[in-house]
2 protein chains.
Amino acid sequence: MRSSKQRDEVLKVLKSSCDHPTADMIYERVKEKIPNISLGTVYRNLGQLHDEGLITIVESSDKKVHYEGNLEDHIHFLCKKCDVITDIFHKNEVPKVFDNLGHLVESQKTVYYGICKDCRNNI
Amino acid sequence: MRSSKQRDEVLKVLKSSCDHPTADMIYERVKEKIPNISLGTVYRNLGQLHDEGLITIVESSDKKVHYEGNLEDHIHFLCKKCDVITDIFHKNEVPKVFDNLGHLVESQKTVYYGICKDCRNNI
DNA sequence: ACTGTAAATAGTAATCGTTACTATTTAGAG
DNA sequence: CTCTAAATAGTAACGATTACTATTTACAGT
């Protein structure tokens, strides 16, 4: 992968973002430094950075993909009313943390990602 | 909510599906019973059923929303190559189960859903 | 049963996040 | 300095989902 100032800036913006911005939000922020950057460039670089494992994707409920630059192991709380995503770093004390934050938990989803048996064997 | 044969059939199809079908797949299956049902009707009813808590949404990586009629508490394994979603019901023995299934786990995501503090207070 | 109504539907058009395409620019190896 | 393939800007296209509208339908009140 060749270096590019566009990709560097996308990564820099994401690493310094505390929210979980969408491609469009990242585009607006990068434009402050590189005014003529293309939205397609942002999408392509987000895809590459994700493939390289330098950023992660956070699913939301607003039909947009949200990105995250913080690779530290943590979980998310997603408000179904306002769609705000909260980071929770104290995995082991989840019930207590939510009590302290004042959030009402209604459900939970856990997904494991990887390669299934068939895909490991074929090729 | 008024009853409708369309909604009943959408729910019936989903309850008897072992995969995790998309709106389009559900549409095709319901058409066998109700040939002139509209895709929009399927989408609207899936939304209503989800609001009522009768079905759940499974995020995938193919940009489509997948639905599930099985409300039993379980987690998912998502293959990043073929996008197949596997149900895992033995939560407590996760590493062992994946060993047995032959799946290679690379990462994990946990999300809690609910109402955040601000949304609980405002209104 | 009959009627009024608001909800639900079928069919179609519109939306919008994302991807594809193309001519041009650019990084970096030789 | 040159060559070449990767990266880019700008724009067009795509496709899953949602919105819209005239018509149908469930069902509560008579």
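Order of the sequence lines sets the chain letters (A, B, ...), proteins ahead of strands, with each chain counted from 1. Worth knowing before you read on, the calculation uses all heavy atoms, side chains too, and leaves out hydrogens, waters and symmetry mates.
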Exercise. For the pair made of OH in A:Y27 and C1' in C:dG17, what is the distance, rounded to whole Å?
Worked result: 14 Å
Exercise. Between D:dA6 and A:S4, is there an OP1 or OP2 to side-chain N/O distance shorter than 4.0 Å?
Worked result: no
Exercise. So which one's nearest nucleotide on DNA chain C is more toward 5', B:K63 or B:S3?
Worked result: B:S3
Problem set entry | Candidate nucleotides D:dT25, C:dG17, D:dA7, ranked by approach to the side chain of A:R2 - the nearest | D:dA7
Exercise. In terms of side-chain heavy atoms of A:T41, which of C:dA8, C:dA10, D:dT8 is nearest?
Worked result: D:dT8
Exercise. Rounded to whole angstrom units, what separation is found between the CG atom of A:D8 and the P atom of D:dA6?
Worked result: 18 Å
Seminar exercise, completed: For A:F89 and A:N70, the nearest pair of non-hydrogen atoms, with its separation, is CZ-ND2, 3.6 Å
For this session: Could you please name the option among D:dA16, D:dA7, C:dA10 that lies closest to any side-chain atom of B:N36?
Result: C:dA10
Exercise. Is B:K91 salt-bridged to B:D73, cutoff N-O under 4.0 Å?
Worked result: yes
Problem set entry | Distance in angstrom units between A:D62 CG and D:dT17 C1', rounded | 14 Å
Exercise. According to the interplanar angle, ranging from 0 to 90°, do the rings of A:F77 and A:F98 count as parallel (below 30°), tilted (30 to 60°) or perpendicular (above 60°)?
Worked result: tilted
Problem set entry | Whole angstrom value for the distance that separates C1' of D:dC27 from CZ of B:R7 | 14 Å
For this session: Give a yes/no on whether any side-chain N or O of A:Q48 is located under 4.0 angstrom from OP1 or OP2 of D:dA6.
Result: no
Exercise. Considering only side-chain heavy atoms of A:M1, which listed nucleotide, D:dA7, C:dT9, C:dG17, is closest?
Worked result: D:dA7
Exercise. Between atom CD1 in B:I26 and atom P in D:dT17, what is the gap in whole Å?
Worked result: 10 Å
Seminar exercise, completed: Atom CG of A:L46 and atom P of D:dT8 are separated, to the nearest Å, by 11 Å
Problem set entry | Quiz item: B:R44 side-chain donor-acceptor pair to D:dT18 base, under 3.5 Å | no
Exercise. How is A:D24 classified with respect to the nucleic acid when contacts are heavy atoms under 4.0 Å: base, sugar-phosphate, or nothing?
Worked result: nothing
Exercise. Separation of B:I34 atom CD1 from C:dA8 atom P, in whole Å?
Worked result: 15 Å
Problem set entry | Side chain of A:Q6 - closest among D:dC27, D:dA9, C:dT18 | D:dA9
Seminar exercise, completed: From the candidates C:dA27, D:dT8, C:dA8, the one with an atom nearest any side-chain atom of A:N45 is D:dT8
Exercise. Can we say B:D99 and A:K117 salt-bridge, meaning some charged N sits less than 4.0 Å from an Asp/Glu carboxylate O?
Worked result: no
For this session: Please state how far atom NZ in A:K64 lies from atom C1' in C:dT15, giving the value in whole angstrom units.
Result: 12 Å
Exercise. Are B:D62 and B:K80 within salt-bridge range, i.e. N to O under 4.0 Å?
Worked result: no
Problem set entry | N/O (side chain, A:Y43) to phosphate O (OP1/OP2, C:dT19) under 4.0 Å | no
